[in-house]
Amino acid sequence: MIDVRLLRIDPDGVRVSLARRYKPELLEQLDVAIALDVQARQISTRRDDIRAKVNELSKAVGLAKRSGDEAAAEAAQAESRELGAEEHALGAQADDVQNELREVLLRIPNLPHPDAPDGGGDHENPLVKGPIQMPESFADHRRVPHWETAAELGILDSERATKIAASMFTMQRGAGASLARALCQLALDRNADVFEEVRPPTMVSTSTLTATGHLPKFADDAYAIERDDLWMIPTAEVPLTSMYAGEVVDESQLPLRLMAYTSCYRREAGSAGRDTRGMLRSHEFDKVEILALATPEQSPALLTELVDRAEGTIASLGLPYRIIEICTGDMGQSHHRSFDIEVYAPGCDAWLEVSSISWFADYQARRADIRFRRAGQKGTEIAHTLNGSALAVPRVWAAIVENFREPDGSVIIPDVLRPYMRGLERITA
RNA sequence: GGAACGGUGGCAGAGCGGACAAAUGCAGCCGCCUUGAAAGCGGCCGGCUCGAAAGGGCCCGGGGGUUCGAAUCCCUCCCGUUCCGCCA
């Protein structure tokens, strides 16, 4: 959520900033929010005045009764009773307007960082690094889609996954399953030096899914367990961000670095029929997420740190990759600034997004009510959150199968993964 | 799922219709003492919100109600602990 106070202090600044997202309807919503805020304050000021009077009268009743002046007490009671009705009505009105304002505010996206590149869509995302480890050319034996190679090697069984669950679910078998797990262990081990490993719930409450910005606007993208009022997480970002919801942490504890290996569940509501083959898009996949809770001052360096961490893992696998920055028109709702790491998959001839690293400023923390206290200072401040995928399994899995395919159809396992795969060097049929 | 007891400030914990933003202790901050520290002593010490300020309002798990007045009484939901049941 953006800060309502910003709407009052600098509405034009907010307008200009939001305009960079290239969604004209946002500016209309903004005007609605500003109007509601004015209205809400007017009503609650009036209600507060009446309440003050009621409080005063109530005190007078107490005093009068104690001094035995029944007549005065009754007069004050009568007056207070009348005011009470008015206060009640105004209170209800104020609540309504405030709820309405909150509903609108929850759907207004974050303001882009001034340095975030301007652009109307993903075609305008600038390249900031790479390609790295990109060969001059790819031999024909590497131009085979991973689902074909995987079928020959018997390491992917999408038919049975569909039978067991539904379409767009995948199942890895044998060395394919080991490879998926090895990738997670690699990512965890590479970040365990400073990130605390967490095994969070993968089903969360409505308020938890709201804190990260996934609700209310993107309810269709998440799996709901309506009977128990729970949601399946689309990413470990969701539970990790809310770990400190409603808490005030000490500045000395920041930055807090957390990581988690979880399954992620996505309905992929808008993508039916897209990427139905192989491992490019799936309703359930594994991912290692890294996340930081920080002060505003710490945030920029942490953003770089998270990008470096994600990049380092991809580089260690020897995959060709590049880094792009997400432009204002393509950024997610909660994002303040955002980078993607893409791996090249020669078989599909596509750049696959394998990691997304984002800085949310105080947008999520305000929703989650995560604050910190500066040493020796009064009051609290909203914290900053940042997170990124340390490694998302399916697309990296696919990229490995395509990039490291040998002429004989086998797949070479990257060195760094072998210790996690019982020393396996090559997947053969 | 059933029963009992609970949910109060950063933490612990009193209060159970009016003078309560809330005792007390711990932690924290400032000062005195001290070569320095500890102990001791004195003082300060919750959050949110409206307002230029003065000042006002809200917050004792959430919501609703009773009352002139609710942390305190009633209803309801949520969460926790213990016991029983069930279960990996």
Side-chain angles (χ1 to χ4, degrees), chain A residues 1-11 33-103 105 199-211 225-231 239 242-254 256 293 295 362 365-383:
Chain A
M1 217 153 47
I2 57 174
D3 190 349
V4 231
R5 276 171 299 191
L6 260 186
L7 300 187
R8 316 208 266 249
I9 299 164
D10 185 19
I34 292 172
L36 284 171
D37 177 50
V38 170
Q39 205 188 336
R41 278 183 295 151
Q42 280 171 352
I43 297 171
S44 51
T45 301
R46 276 203 285 152
R47 184 205 44 196
D48 286 358
D49 289 346
I50 293 175
R51 271 222 259 252
K53 228 168 275 170
V54 169
N55 287 343
E56 216 175 289
L57 285 167
S58 295
K59 256 176 210 153
V61 172
L63 286 174
K65 286 209 164 161
R66 232 163 287 132
S67 63
D69 188 348
E70 285 299 325
E74 262 172 53
Q77 274 181 31
E79 194 183 342
S80 181
R81 224 190 317 258
E82 253 172 67
L83 286 172
E86 195 181 339
E87 190 235 293
H88 200 78
L90 278 172
Q93 233 185 91
D95 287 352
D96 286 351
V97 176
Q98 264 153 22
N99 286 337
E100 217 179 314
L101 172 61
R102 185 178 155 79
E103 280 303 310
L105 239 33
R199 208 342 298 221
T202 55
M203 288 159 72
V204 298
S205 67
T206 297
S207 70
T208 296
L209 200 61
T210 304
I225 322 261
E226 285 180 49
R227 187 171 137 152
D228 296 293
D229 195 22
L230 289 167
W231 303 78
S242 283
M243 273 176 67
Y244 289 87
E247 298 189 29
V248 179
V249 305
D250 213 76
E251 184 187 15
S252 61
Q253 286 181 266
L254 300 177
L256 225 83
L293 200 65
T295 68
D362 59 9
R366 179 170 294 105
R367 287 167 162 248
D369 189 26
I370 306 168
R371 291 168 296 161
F372 72 97
R373 197 188 308 280
R374 289 194 193 269
Q377 266 181 254
K378 292 190 64 166
T380 56
E381 254 179 79
I382 312 271

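As a basis for the values below, the full set of heavy atoms in this structure was taken, side chains included, without hydrogen atoms, waters or symmetry mates. Residue numbering restarts at 1 for every chain, and letters A, B, ... go by the order of the sequence lines.
Between A:Leu90 atom CG and B:C58 atom C1' the separation is 15 Å, expressed in whole Å. Rounded to a whole Å, the CZ atom of A:Arg366 is 12 Å from the P atom of B:C48. Following rounding to the nearest Å, A:Asp3 (CG) and B:C48 (C1') show an atom-to-atom distance of 13 Å. Atom P of nucleotide B:C45 and atom CZ of A:Arg373 are separated by 15 Å, given to the nearest angstrom.
Between the side chains of A:Ser207 and A:Thr210, no donor N or O sits under 3.5 Å from an acceptor N or O.
Less than 4.0 Å separates RNA chain B from at least one heavy atom of each of the following residues of residues 37-48 of chain A: A:Arg41, A:Thr45, A:Asp48.
Between B:A14 and B:U67, the two C1' atoms lie 26 Å apart (nearest whole Å). Taking atom P on both B:U49 and B:C44, the two are 26 Å apart, rounded to the nearest angstrom. B:A19 sits 29 Å from B:G6 when the C1' atoms are compared, rounded to a whole Å. When the C1' atom is compared between B:C87 and B:A4, the two are found 23 Å apart, to the nearest whole Å. Nucleotides B:G7 and B:A71 place their P atoms 15 Å apart, quoted to the nearest Å. Nucleotides B:C68 and B:G17 place their C1' atoms 12 Å apart, quoted to the nearest Å. Rounded to whole Å, the C1' atom of B:G47 lies 12 Å from the corresponding atom of B:G10. Comparing B:C59 with B:A54, their P atoms are spaced 23 Å from each other, to the whole Å.
A 6.0 Å sphere centred on CD of A:Glu70 holds more than 12 heavy atoms belonging to other residues, nucleotides or ligands.
For A:Ala72, the side chain to side chain contact (heavy atoms under 4.5 Å, CB included) partners two or more places apart in sequence, or in a different chain, are A:Ala64, A:Asp69. A:Arg227 pairs by the salt bridge (Lys or Arg N to Asp or Glu O under 4.0 Å) definition with nothing, not counting sequence neighbours. Contacts of A:Thr202 classified as side chain to side chain contact (heavy atoms under 4.5 Å, CB included), with partners at least two apart in sequence or in another chain: A:Arg199, A:Ile233, A:Thr262, A:Tyr265. Considering only residues two or more places apart in sequence or on other chains, A:Arg51 meets the side chain to side chain contact (heavy atoms under 4.5 Å, CB included) condition with A:Arg47, A:Glu87. Partners of A:Asp48 under the side-chain hydrogen bond (donor to acceptor under 3.5 Å, both in side chains) rule, at least two apart in sequence or in another chain, do not exist in this structure. Listed by chain and residue number, nothing satisfies the salt bridge (Lys or Arg N to Asp or Glu O under 4.0 Å) test with A:Glu82 (two or more places apart in sequence, or in another chain). Listed by chain and residue number, A:Thr206 satisfy the side chain to side chain contact (heavy atoms under 4.5 Å, CB included) test with A:Asp229 (two or more places apart in sequence, or in another chain). The salt bridge (Lys or Arg N to Asp or Glu O under 4.0 Å) test applied to A:Glu86 returns no partner, not counting sequence neighbours. When the salt bridge (Lys or Arg N to Asp or Glu O under 4.0 Å) test is applied to A:Asp95, no partner is found at least two apart in sequence or on another chain.
Both A:Lys53 and A:Val248 lie near RNA chain B, and the one whose nearest nucleotide falls closer to the 5' end is A:Val248.
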Please write out the pairs of protein N or O atoms and N or O atoms of nucleotides 52-55 of chain B separated by less than 3.5 Å, giving the distance to one decimal.
none

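Side-chain nitrogen and oxygen atoms of A:Arg51 include at least one within less than 4.0 Å of the OP1 or OP2 phosphate oxygen of B:C58.
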Under 4.0 Å protein heavy-atom contacts per nucleotide of nucleotides 64-78 of chain B, with B for base, S for backbone only and - for none: -S--BS---------
